Engineer: 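Submitted below is the structure of interest, expressed as structure tokens.
Counting convention: from 1, in listed order, for ligands and their atoms alike. Residue indices begin at 1 and follow the sequence shown. Fair warning: this is a prediction, and the values are worked out from it, not measured in the lab.
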Amino acid sequence: MIGMVVNRPTLSRWESMYLPGILIGLKITAGHFIDHLLGRKKVTMQYPEEKWPMPDGYRGAPTLVKDEEGREKCVSCQLCEFVCPPRAIRITPGEIPLDSPYAKVEKAPKEFDIDMIRCIYCGLCEEVCPEEAIFLLKDYAITGLTRAEMVHDKDKLYELGGMLPRPIHKWDAKK
Ligand code: SF4
Ligand code: SF4
């Protein structure tokens, strides 16, 4: 094994008292203290009111989105349920009644739950969705006081996701 010899630095008498190092350290600390006193530099963040901005593509909590007209984009194909590695998604498919103007779409979820205790924020559900109906938020702080609260049902998922306009043509009778 080849070793490397690191020579000890030769310290002057002044340096060997360690005073320069201590004074430089104190100067840095005093600088931070004054910056903080004058409000020039923030060293703490008022979490959870303040959060770091997340970069584009950050994978946070999955949610469901509706289109501009409030229509459910999800057709309960269950691909996301199938692909979800920790089996966090549970869907009960529902049928769109034949007398509905959107009967052509055939299906919409009757129930849609995501267990946020199981979710690993992988984003596979978003990747696989053919209807662009499920999206990951940038929010990562999903909390709850009970296990039941951590299971997001359909209403909660739409409340979190809101509306996202996208060119989905399934509502168009000619397509
Ligand atoms: S982000 Fe991943 S783990 Fe979470 S629900 Fe989607 S597929 Fe499942
Ligand atoms: S969210 Fe997308 S992938 Fe999941 S059931 Fe609905 S349409 Fe299918």
Engineer: Determine, using the 4.5 Å side-chain heavy-atom cutoff (strictly less than), whether Leu79 and Ile134 are members of one ILVMFWY cluster.
Structural biologist: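 No, Leu79 and Ile134 fall in different hydrophobic clusters.
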Engineer: Tell me the protein heavy atom at minimum distance from atom 2 (Fe) of ligand 2, and give that distance in Å.
Structural biologist: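 Scanning the protein heavy atoms, the shortest distance from atom 2 (Fe) of ligand 2 goes to Cys129 SG, 2.3 Å.
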Engineer: Using a strict cut-off of 4.0 Å, indicate which atoms of ligand 1 neighbour a heavy atom of Ile89.
Structural biologist: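 Near Ile89, the atoms of ligand 1 are 5 (S).
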Engineer: How about Tyr140: does its OH atom have over 12 heavy atoms from other parts shown lying under 6.0 Å from it?
Structural biologist: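 Check passes, neighbour count above 12.
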Engineer: Which pair of heavy atoms, one from Arg90 and one from Glu81, lies closest together, and at what distance?
Structural biologist: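 Taking every non-hydrogen atom into account, CA-OE2, 3.6 Å.
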Engineer: Regarding Lys41 and His36, do their side chains bring together a donor and an acceptor under 3.5 Å, going by distance alone?
Structural biologist: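 Short answer, no.
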Engineer: Which of the atoms of ligand 2 are close to Gln78, meaning less than 4.0 Å from one of its heavy atoms?
Structural biologist: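 Going through ligand 2 atom by atom, the ones under 4.0 Å from Gln78 are 5 (S), 8 (Fe).
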Engineer: At a threshold of 2.8 Å, where the distance has to be below it, does atom 8 (Fe) of ligand 1 have an N, O or S atom of Cys122 nearby?
Structural biologist: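 Not a single backbone or side-chain N, O or S atom of Cys122 is under 2.8 Å from atom 8 (Fe) of ligand 1.
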Engineer: I need the atoms of ligand 1 closer than 4.0 Å to a non-hydrogen atom of Pro86, numbered in the order shown.
Structural biologist: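 Checking each atom against Pro86, I get 3 (S).
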Engineer: Starting from atom 8 (Fe) of ligand 2, what is the nearest protein heavy atom, named by residue and atom, and what distance separates them?
Structural biologist: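 The protein heavy atom lying closest is Cys77 SG, 2.2 Å.
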Engineer: Indicate the atoms forming the closest heavy-atom contact of Lys170 with Cys74, along with that distance.
Structural biologist: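 What the structure gives for the nearest pair is NZ-N, 4.3 Å.
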Engineer: Starting from atom 6 (Fe) of ligand 2, which protein heavy atom do you reach first, and at what distance in Å?
Structural biologist: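 Ranking protein heavy atoms by distance from atom 6 (Fe) of ligand 2, first comes Cys74 SG, 2.3 Å.
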Engineer: One residue to check: Lys73. Relative to ligand 2, which of side chain, backbone, both or neither has a non-hydrogen atom less than 4.0 Å away?
Structural biologist: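 No part of Lys73 comes within reach of ligand 2.
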Engineer: Quick one: look up the protein heavy atom nearest atom 7 (S) of ligand 2 and list residue, atom name and how far away it is.
Structural biologist: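 The protein heavy atom lying closest is Val75 N, 3.5 Å.
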Engineer: Record the part of Ile91 in heavy-atom contact with ligand 2 below 4.0 Å; permitted values are side chain, backbone, both and neither.
Structural biologist: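 Ile91 to ligand 2: side-chain contact only, backbone stays beyond 4.0 Å.
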Engineer: Within ligand 1, which atoms have a heavy atom of Cys84 less than 4.0 Å away?
Structural biologist: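 Contacts of ligand 1 toward Cys84, numbered from 1: 3 (S), 5 (S), 7 (S), 8 (Fe).
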Engineer: Any chance you could measure Cys119, atom SG, to Arg59, atom CZ, to the nearest 0.5 Å?
Structural biologist: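 So the gap between those two atoms works out to 10.0 Å.
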Engineer: As an exercise, identify every atom of ligand 1 less than 4.0 angstrom from a heavy atom of Ile120.
Structural biologist: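 Counting from 1, the qualifying ligand atoms are 3 (S), 4 (Fe).
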Engineer: Mind checking whether atom 4 (Fe) of ligand 1 has an N, O or S of Cys119 under 2.8 Å?
Structural biologist: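 For Cys119, the answer is yes, given that an N, O or S atom comes within less than 2.8 Å of atom 4 (Fe) of ligand 1.
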Engineer: Where on Ile134 is there a heavy atom closer than 4.0 Å to ligand 1, on the side chain, on the backbone, on both, or on neither?
Structural biologist: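 Neither part.
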Engineer: State whether the number of non-hydrogen atoms from other residues, nucleotides or ligands found under 6.0 Å of Leu37 atom CG is greater than 12.
Structural biologist: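 Yes - once you tally the heavy atoms of other residues, nucleotides and ligands closer than 6.0 Å, there are more than 12.
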Engineer: May I ask you to check whether Cys80 brings an N, O or S atom to under 2.8 Å from atom 4 (Fe) of ligand 2?
Structural biologist: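 Within the cut-off used here (under 2.8 Å), Cys80 does place an N, O or S atom near atom 4 (Fe) of ligand 2.
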Engineer: Give me the one residue out of Lys66, Arg71, Lys73 that meets salt bridge (charged side-chain N to carboxylate O under 4.0 Å, His left out) with Glu69.
Structural biologist: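 For Glu69, the salt bridge (charged side-chain N to carboxylate O under 4.0 Å, His left out) test succeeds with only one of Lys66, Arg71, Lys73, which is Arg71.
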Engineer: To the closest 0.5 Å, what do you measure between CG (Asp115) and NE2 (His152)?
Structural biologist: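 Here the interatomic distance stands at 9.0 Å.
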Engineer: Checking Lys154 against Glu72 for the salt bridge (Lys or Arg N to Asp or Glu O under 4.0 Å) test, could you report, in this order, the C-alpha distance in whole Å, the side-chain angles of both residues, the deciding distance, and whether it holds?
Structural biologist: CA-CA 11 Å; Lys154 200 169 93 160; Glu72 282 188 286; 3.1 Å; yes
